[in-house]
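Comments concern the structure below.
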Amino acid sequence: LYEKREKIYTRRIEGFFQRVRLFTGWPLFLGYLCLPWFEWQGRQAILFDLPARKFHILGLTFWPQDLSLLGLILIIAAFSLFLVTALLGRVWCGYTCPQTVWTAIFMWCEQKAEGTRNQRIKLDKAPWSLNKVFRKLVKYSMWGVVAFATGFIFVGYFTPVRELGVDLLTGQAPLMAVAWVVFFTLATYINAGFMREQVCTYMCPYARFQSAMFDSDTLIVSYDSKRGETRGSRKRGETSESAGLGDCVDCQLCVQVCPVGIDIRDGLQYQCIACAMCVDACDSIMDKMAYSRGLIRYTTENSLKGIPTHLFRPRTIGYGAVVILMVSFFVWRLLSIEPIEIGVLHDREHMSQTTSTGQVENRYILKIANKTADSQQYTIAVKPEGFQVVGQTMPYVLSGEVASIRLRILKTAQGEAAQKSAGAGSKINDIEFIITDEKGRQFSHANRFIELKQ
């Protein structure tokens with residue numbers, strides 16, 4: 001806010017690292033757009049159903065009780081990012097960060113609508129005309145299509161995307177859904193269309209605290225000043241020695257292609273997102289001048305000083321150990337998730353009573369949450385012998401639903417339950433509810449059967 005932003009006109013460049021970015025950015029973008037449209041066993045493959053408090057990911061259904069898994073995922077993601085940053089610098093920012101990917105797509109739209117870097121500069125400086133209005137409208141329309149698709153699909157992860165599309169077309173979509181689509185459309189339009197490098201420079205905290213994970217062995221994009229200085233122009237084919245200069249011809253191409261508008265020759269800067277556009281640009285000039293590549297390259301500070309680079313060091317070993325430990329724990333937790341959730345509440349209004357036949361009766365409310373992708377019919381029994389279940393003993397529970405069943409448990413004999421004194425002649429029996437699904441899998445829940453002195 002304290003100074004006017006200078007618009008950055010990036011120059012299109014081709015090269016090895018830009019081809020790599022095609023295989024990291026476009027799959028991410030297309031995967032984001034396509035995933036909600038796939039179905040899995042008759043249901044949207046990925047759906048975070050907040051009103052129902054169910055989160056469907058392929059064949060798995062997660063409940064609020066599984067929220068600890070989300071915490072583990074966040075811990076794994078954080079330490080994985082720390083490890084990658086300590087080893088490879090900001091490769092996440094340069095190749096897979098959504099802000100970088102969407103900005104690149106918006107820049108591609110801009111180049112298609114308004115032309116090359118020089119053409120865009122001339123167009124912005126030119127007075128308004130039909131040609132300028134037309135090109136601007138084409139650019140903003142292309143941005144709008146991408147931004148709307150982004151906002152619409154994002155909401156489609158939280159509400160059935162097919163129904164959302166039909167409701168929007170017919171004007172029957174809920175106001176909240178429309179509001180979120182508009183919000184994320186505008187957010188994408190502004191962030192990727194106008195703010196761009198400002199998001200990375202001022203808004204993203206990663207750019208600020210990355211230095212805490214960097215050391216002299218971290219891979220960075222760097223300019224080899226020993227080889228490049230002194231800078232200066234020369235004729236094509238003229239050697240640096242004959243010109244009395246370094247290999248840098250001061251063409252400014254590395255600055256023109258930089259999406260954040262920095263000069264990499266000034267040294268490592270926190271704005272740099274390690275996209276390697278300057279590397280490809282410089283290599284293209286080195287090829288034309290018949291010089292060896294690598295004046296600007298991925299390297300480390302130690303390597304520039306002639307010191308060997310160490311891959312294994314305390315911070316990378318520590319980050320790696322935490323990632324391995326957390327991933328192992330996450331897999332164990334994921335595999336240990338049971339397909340049903342059982343809860344038993346003792347009916348306190350009828351804690352214990354004696355029937356007309358002289359049997360002791362307790363009443364319970366049994367809740368069964370079916371966390372599988374299929375509807376199930378369960379069989380309810382109770383252990384040990386000497387106790388009988390009375391009520392709905394074979395409930396049918398739909399997928400993702402919670403059934404609440406009222407049961408009566410009768411003590412038909414002395415039984416084999418462990419008994420404890422509850423005072424004044426009353427007794428407490430340890431019992432166990434056994435729930436069996438259609439596949440024969442059994443799940444248990446321990447509770448108590450109380451005999452009160454009448």
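Just the heavy atoms: all of them, side chains too, but no hydrogens, waters or symmetry mates, feed the values below. Counting from 1, the numbers follow the sequence of the chain as shown.
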Ignoring hydrogens and angles, tell me if any N or O in the side chain of Thr355 forms a donor-acceptor pair with the backbone of Gln359 under 3.5 Å.
yes

Taking C-beta and beyond as the side chain, do Met142 and Lys139 meet within less than 4.5 Å on heavy atoms?
no

Contacts of Phe214 that satisfy ring-ring contact (aromatic ring centres under 6.0 Å, His included) - sequence neighbours left out
none

What do the steps show when you test Tyr9 against Asp124 for side-chain contact (heavy atoms from CB on, under 4.5 Å), and what is the final call?
CA-CA 11 Å; Tyr9 295 90; Asp124 283 352; 2.5 Å; yes

Please check this pair: side chain of Arg90 against backbone of Tyr270, looking for a donor-acceptor N/O pair closer than 3.5 Å.
yes

Can you list the steps and then say if Ile296 with Val221 is a side-chain contact (heavy atoms from CB on, under 4.5 Å)?
CA-CA 7 Å; Ile296 300 176; Val221 176; 3.9 Å; yes

Is it the case that the ring center of Tyr298 lies less than 6.0 angstrom away from the ring center of Phe17?
yes

Walk me through whether Gln271 and Thr201 qualify under side-chain hydrogen bond (donor to acceptor under 3.5 Å, both in side chains).
CA-CA 6 Å; Gln271 296 95 328; Thr201 303; 5.6 Å; no

Could you tell me whether the side chain of Thr24 and the main chain of Tyr95 form a donor-acceptor pair under 3.5 Å?
yes

Looking at residues at least two apart in the chain, or sitting in another chain, which of them share a ring-ring contact (aromatic ring centres under 6.0 Å, His included) with Tyr378?
none

Could you give me the CA-CA distance, side-chain angles and deciding distance for Glu114 and Lys136, then say whether salt bridge (charged side-chain N to carboxylate O under 4.0 Å, His left out) is met?
CA-CA 7 Å; Glu114 297 183 352; Lys136 293 292 183 182; 3.2 Å; yes

Under the side-chain hydrogen bond (donor to acceptor under 3.5 Å, both in side chains) rule, what do Ser222 and Thr299 come out as? Steps first, then yes or no, please.
CA-CA 7 Å; Ser222 184; Thr299 185; over 6 Å; no

Quick one: do the Asn429 and Glu451 side chains pair a donor with an acceptor below 3.5 Å?
yes

Does Arg135 use its side chain to pair, donor to acceptor, with the backbone of Arg120 at less than 3.5 Å?
no

Supply the atom-to-atom distance Leu219 CG to Leu87 CG, rounded to the nearest 0.5 angstrom.
9.0 Å

Scan Asn302, Thr218, Thr300 and name whichever one has a side chain to side chain donor-acceptor pair (under 3.5 Å) with Thr309.
Thr300

Is a side-chain N or O of Gln269 found less than 3.5 angstrom from the main chain of Gly267, in a donor-acceptor match?
yes

Taking C-beta and beyond as the side chain, do Ile368 and Ile435 meet within less than 4.5 Å on heavy atoms?
yes

Charged N-O contact under 4.0 Å between Glu361 and Arg363:
yes

Are the side chains of Val389 and Ile409 in contact, using a 4.5 Å heavy-atom criterion?
yes

Report the relative orientation of the aromatic rings in Phe152 and Phe148; use parallel for angles under 30°, tilted for 30 to 60°, perpendicular for over 60°.
parallel

Under 3.5 Å, is there a donor-acceptor pair linking the side chains of Trp92 and Thr85?
no

Please tabulate, for the side chains in residues 320-337, all donor-acceptor contacts under 3.5 angstrom to protein atoms that are two or more places apart in sequence or on a different chain.
residue, atom, partner, partner atom, Å
Ser328, OG, Ile324, O, 2.8
Arg333, NH2, Ser68, OG, 2.9
Ser336, OG, Trp332, O, 3.0
Ser336, OG, Arg333, O, 2.9

Between Glu14 and Arg12, is there a side-chain N and carboxylate O pair less than 4.0 Å apart?
yes

Return the OG1 to CD distance between Thr10 and Gln256, rounded to the nearest 0.5 Å.
10.5 Å

Can you tell me how far the CD1 atom of Ile76 sits from the CG atom of Leu81, to the nearest 0.5 Å?
13.5 Å

Sorted by chain and residue number, the side-chain hydrogen bond (donor to acceptor under 3.5 Å, both in side chains) partners of Asp280 (sequence neighbours excluded) come out as Gln18

According to ring-ring contact (aromatic ring centres under 6.0 Å, His included), who are the partners of Tyr206, at least two apart in sequence or on a separate chain?
Phe209

Should the ring pair Trp143 and Tyr189 be called parallel, tilted or perpendicular, given that the plane angle runs from 0 to 90° and is split at 30 and 60?
perpendicular

When rounded to the nearest 0.5 Å, the distance separating OG of Ser352 from NZ of Lys411 is 10.0 Å

Ion pair check, Asp283 and Arg297, cut-off under 4.0 Å
no

Are any of the side-chain heavy atoms of Pro259 and Cys275 separated by less than 4.5 Å?
yes

Side-chain donor-acceptor distances from residues 166-186 under 3.5 Å, at least two apart:
residue, atom, partner, partner atom, Å
Thr170, OG1, Val166, O, 2.9
Thr170, OG1, Asp167, O, 3.3
Thr185, OG1, Val181, O, 2.7

Please report the interatomic distance CG(Leu268) to CD1(Ile220), rounded to the nearest 0.5 Å.
5.0 Å

In this structure, CZ of Arg448 is separated from CD of Glu432 (nearest 0.5 Å) by 14.0 Å

Do Thr96 and Val101 come close enough that some side-chain heavy atom pair is under 4.5 Å?
no

Proximity of Tyr364 and His346 rings by center, below 6.0 Å
yes

4.5 Å side-chain heavy-atom contact, Phe134 and Val138:
yes

The residue among Trp26, Tyr157, Trp37 that forms ring-ring contact (aromatic ring centres under 6.0 Å, His included) with Tyr32 is Tyr157

Would you say that more than 12 heavy atoms from the other residues, nucleotides or ligands in this model lie under 6.0 Å from the NZ of Lys112, or not?
no

Salt-bridged, Asp263 to Arg265, with N to O below 4.0 Å?
yes

Is the shortest heavy-atom distance from the side chain of Leu366 to the side chain of Ile342 under 4.5 Å?
yes

Side chain proximity check, Arg162 to Gln44, heavy atoms < 4.5 angstrom
no

So does Arg117 get a backbone contact from the side chain of Arg11, meaning a donor-acceptor N/O pair under 3.5 Å?
no

Under the side-chain hydrogen bond (donor to acceptor under 3.5 Å, both in side chains) rule, what do Gln99 and Asn191 come out as? Steps first, then yes or no, please.
CA-CA 8 Å; Gln99 174 66 22; Asn191 288 345; 4.7 Å; no

Going by an N to O cut-off under 4.0 Å, is there a salt bridge joining Glu401 and Lys371?
no

Does Gly391 offer a backbone N or O that forms a donor-acceptor pair with the side chain of Arg408 under 3.5 Å?
no

Counting distance only, does the side-chain N/O of Glu438 pair as donor-acceptor with the main-chain N or O of Gln376 below 3.5 Å?
no

With the threshold set at 4.0 Å, does a side-chain nitrogen-carboxylate oxygen contact exist between Glu110 and Arg196?
yes

Using the rule given for side-chain hydrogen bond (donor to acceptor under 3.5 Å, both in side chains), can you reason through Glu163 versus Thr159, listing the C-alpha separation, both sets of side-chain angles and the distance that settles it, and then say yes or no?
CA-CA 8 Å; Glu163 298 176 12; Thr159 186; 5.7 Å; no

